[in-house]
Engineer: 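Shown below is the structure under consideration.
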Amino acid sequence: MDQTKIDVLRAQPLSAFTHLIDGKQVPASDGGTMDVISPIDGQVITTMAAGTAADMEAAIASARAAYEDGRWAGQPPAARKKVLLKWADLIEANALELAVLGVRDNGTEIGMAIKAEPGSAAATIRYYAEALDKIYGEIAPTPGDILGLVHKEPVGVVGAIIPWNFPMMIGAWKLGPALAMGNSVVLKPAETASLSLMRMAELALEAGLPPGVLNAVTGEGRVVGETLGLSMDVDVLVFTGSGGTGRRLMEYSARSNMKRVYLELGGKSPNIVFADAPNLDEAAKVAASGIFRNSGQVCVAGSRLLVEAAIHDEFVAKVARAAEAMRVGDPLKVDTHVGAVNSEEQLKANLGFVEIAKTEGGEVVTGGDRILQDTGGYYMAPTIVTGVTRDATLAQKEVFGPVLGVTPFETEGEAIALANSTVYGLAGAAWTSNLGRAHRMVRGVRTGVMHVNTYGGADGTVPLGGVGQSGNGADKSLHAIEKYVNLKTAWIKL
Ligand code: ADP
């Protein structure tokens with residue numbers, strides 16, 4: 001990555017962002033706008049449309065009309081594939097611009113953003129583009145006078161509500177399979193990270209996606225998100241975000257048309273280190289990056305470190321050294337390891353968790369503070385708290401910040417019991433050189449993804465989905481497609 005290019009891009013003034021409805025860029029129907037504040041320095045960098053319920057209704061109506069007349073679903077698979085491949089190419093061609101725009105908006109360090117955002121989004125769109133003409137229906141094993149067929153049909157209109165931590169990556173996880181299967185989509189980016197996703201949506205039109213097939217509306221979740229959730233004309237709702245909002249979406253569904261709702265929610269993922277880990281130095285470095293990159297604003301972040309008691313002090317010291325070696329600061333500097341916290345509100349919440357941990361007997365080994373306040377931005381030092389008991393707030397509640405809680409254990413059984421002692425089940429890891437133990441941990445820990453001797457980095461070929469209150473349904477891999485199709489049986493008497 002070229003620092004000079006990044007500096008040029010970051011200095012570019014931004015014009016106001018609008019909705020994307022029916023292929024056109026339109027302001028809010030009442031002219032309302034919201035300031036976009038950069039977490040890098042707390043400055044307003046542009047405005048975006050503060051959507052109204054009427055704006056969202058217009059976007060849904062456009063998506064419905066586009067679906068019903070078959071302008072996308074009715075195209076041959078090869079034609080849809082071509083458009084999606086072109087879209088992936090355009091995302092890649094504009095990767096640095098998109099990444100810098102996203103970082104100015106949400107604060108993720110550029111080194112991570114460039115790969116995780118446009119890089120991953122392009123790969124995801126391409127994956128589903130390539131898959132779409134390889135997905136077949138079925139012929140059932142029926143008696144000879146019957147032909148039983150199973151068709152996979154698009155569901156119709158998909159509502160996709162996206163969070164602020166990785167808007168392009170997570171947006172693509174929903175948009176890729178939804179559009180590949182012929183659906184229309186109404187996208188609702190997050191208040192504090194809409195810009196890059198809005199640009200990415202515009203590129204879809206440039207790639208040849210017909211107007212109305214992808215509409216995007218910015219604004220408050222409580223306004224436009226709620227309208228989307230309550231719509232009688234949305235068939236499937238897909239979401240990544242907080243448990244509280246996930247719960248509301250299920251309510252909206254129940255109160256409206258009982259649309260299918262797929263949720264990818266929070267986690268309190270255990271990173272479990274045994275004394276027989278193959279390389280404790282490596283494990284410590286990965287444990288630090290597994291919670292501190294992107295300031296801990298990663299749904300699968302390893303936020304609970306469970307350490308075998310025999311190596312507790314030694315290992316915590318290693319993780320603390322790794323944490324202290326991470327450069328926190330301007331996310332648009334290529335050598336920054338940890339960028340800004342997304343918003344002042346989130347930063348305050350993170351610091352609040354540290355205070356609670358102290359009152360519950362936790363000891364702050366490193367970090368614990370807001371730093372670089374003179375920049376005007378929102379930065380927090382990577383924070384490690386030891387002495388976190390099983391039921392402590394830090395062991396039970398998702399912080400979504402750079403805060404690692406440490407709990408010792410004595411036995412494998414105790415490690416599994418601790419790992420499974422939250423309402424969540426999104427990710428986890430076990431570090432051990434004992435093959436049998438590794439497999440027992442994979443089986444024993446109740447979670448959507450279990451790493452062994454690594455943390456994070458699972459690519460698009462494998463599903464990501466939570467159990468328990470971490471959600472339902474899977475993003476990524478061919479399994480994600482199931483969310484965006486209806487099975488229709490044809491039972492034909494011959
Ligand atoms: P966080 O607390 O991490 O910001 P949220 O769950 O509040 O996560 O936000 C994730 C997404 O959900 C954002 O796009 C936000 O606008 C949207 N959202 C928030 N509240 C609602 C709501 N009541 N209905 C629909 N969407 C919402």
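Note: hydrogens, waters and symmetry copies are ignored here, and every other heavy atom, side chains too, is used. Atoms within each ligand, like the ligands themselves, are counted from 1 in listed order.
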Engineer: Is any side-chain heavy atom of Val406 closer than 4.5 Å to one of Val385?
Structural biologist: no
Engineer: For Pro189, counting its heavy atoms only, list the atoms of ligand 1 lying under 4.0 Å from any of them.
Structural biologist: 14 (O)
Engineer: Just so I know, are the side chains of His337 and Glu109 near enough to count as touching, which here means a heavy-atom distance under 4.5 Å?
Structural biologist: no
Engineer: Would Thr240 and Lys174 count as having a side-chain donor-acceptor pair, cut-off 3.5 Å?
Structural biologist: yes
Engineer: Does ligand 1 have an atom that lies less than 4.0 angstrom from a heavy atom of Gly244?
Structural biologist: no
Engineer: To the nearest 0.5 Å, how far apart are CE in Met200 and CG in Leu20?
Structural biologist: 12.0 Å
Engineer: Check step by step if salt bridge (charged side-chain N to carboxylate O under 4.0 Å, His left out) holds for Lys348 and Glu345.
Structural biologist: CA-CA 5 Å; Lys348 284 189 181 142; Glu345 196 189 356; over 6 Å; no
Engineer: How far is atom 9 (O) of ligand 1 from its nearest protein heavy atom, and which residue and atom name does that atom have?
Structural biologist: Thr245 OG1, 4.5 Å
Engineer: When you measure from atom 26 (N) of ligand 1 to each heavy atom in Gly243, Ser242, Gly225, Ala349, which option holds the nearest one?
Structural biologist: Gly225
Engineer: Which residue owns the protein heavy atom closest to atom 15 (C) of ligand 1, what's the atom, and how far is it?
Structural biologist: Glu191 OE1, 3.3 Å
Engineer: Report yes or no: does Ser295 contribute a side-chain atom to a donor-acceptor pair with the main-chain N or O of Gly339 at less than 3.5 Å?
Structural biologist: yes
Engineer: Just need the protein heavy atom nearest to atom 22 (C) of ligand 1, so name the residue and atom and give the distance.
Structural biologist: Gly221 O, 3.4 Å
Engineer: What atoms of ligand 1 come within less than 4.0 Å of a heavy atom belonging to Leu249?
Structural biologist: 25 (C)
Engineer: Look at atom 23 (N) of ligand 1 and say which protein heavy atom is nearest, naming residue and atom and giving the distance to 0.1 Å.
Structural biologist: Tyr252 OH, 2.9 Å
Engineer: Which is it for Ile162 and ligand 1 at heavy atoms under 4.0 Å: side chain, backbone, both or neither?
Structural biologist: backbone
Engineer: Establish, from distance only, whether the side-chain atoms of Asn342 and Thr192 form a donor-acceptor pair under 3.5 Å.
Structural biologist: yes
Engineer: Where do Asp335 and Lys333 land on the salt bridge (charged side-chain N to carboxylate O under 4.0 Å, His left out) test, with the steps shown first?
Structural biologist: CA-CA 6 Å; Asp335 58 357; Lys333 293 273 174 245; over 6 Å; no
Engineer: Around atom 17 (C) of ligand 1, find the nearest protein heavy atom and jot down its residue, atom name and distance.
Structural biologist: Ile161 CG2, 3.6 Å
Engineer: Considering only protein heavy atoms, which is closest to atom 10 (C) of ligand 1, and at what distance to one decimal place?
Structural biologist: Phe239 CE1, 3.8 Å
Engineer: Are Phe400 and Trp164 close enough, and set up right, to give a ring-ring contact (aromatic ring centres under 6.0 Å, His included), and what steps lead you there?
Structural biologist: CA-CA 12 Å; Phe400 220 59; Trp164 44 259; 5.4 Å; yes
Engineer: For atom 1 (P) of ligand 1, what is the nearest protein heavy atom, given as residue, atom name and distance?
Structural biologist: Trp164 NE1, 3.8 Å
Engineer: Which atoms of ligand 1 have any heavy atom of Ala190 under 4.0 Å away?
Structural biologist: 13 (C), 14 (O)
Engineer: At a 4.0 Å cut-off, with the gap strictly under it, does some heavy atom of Leu228 reach an atom of ligand 1?
Structural biologist: no
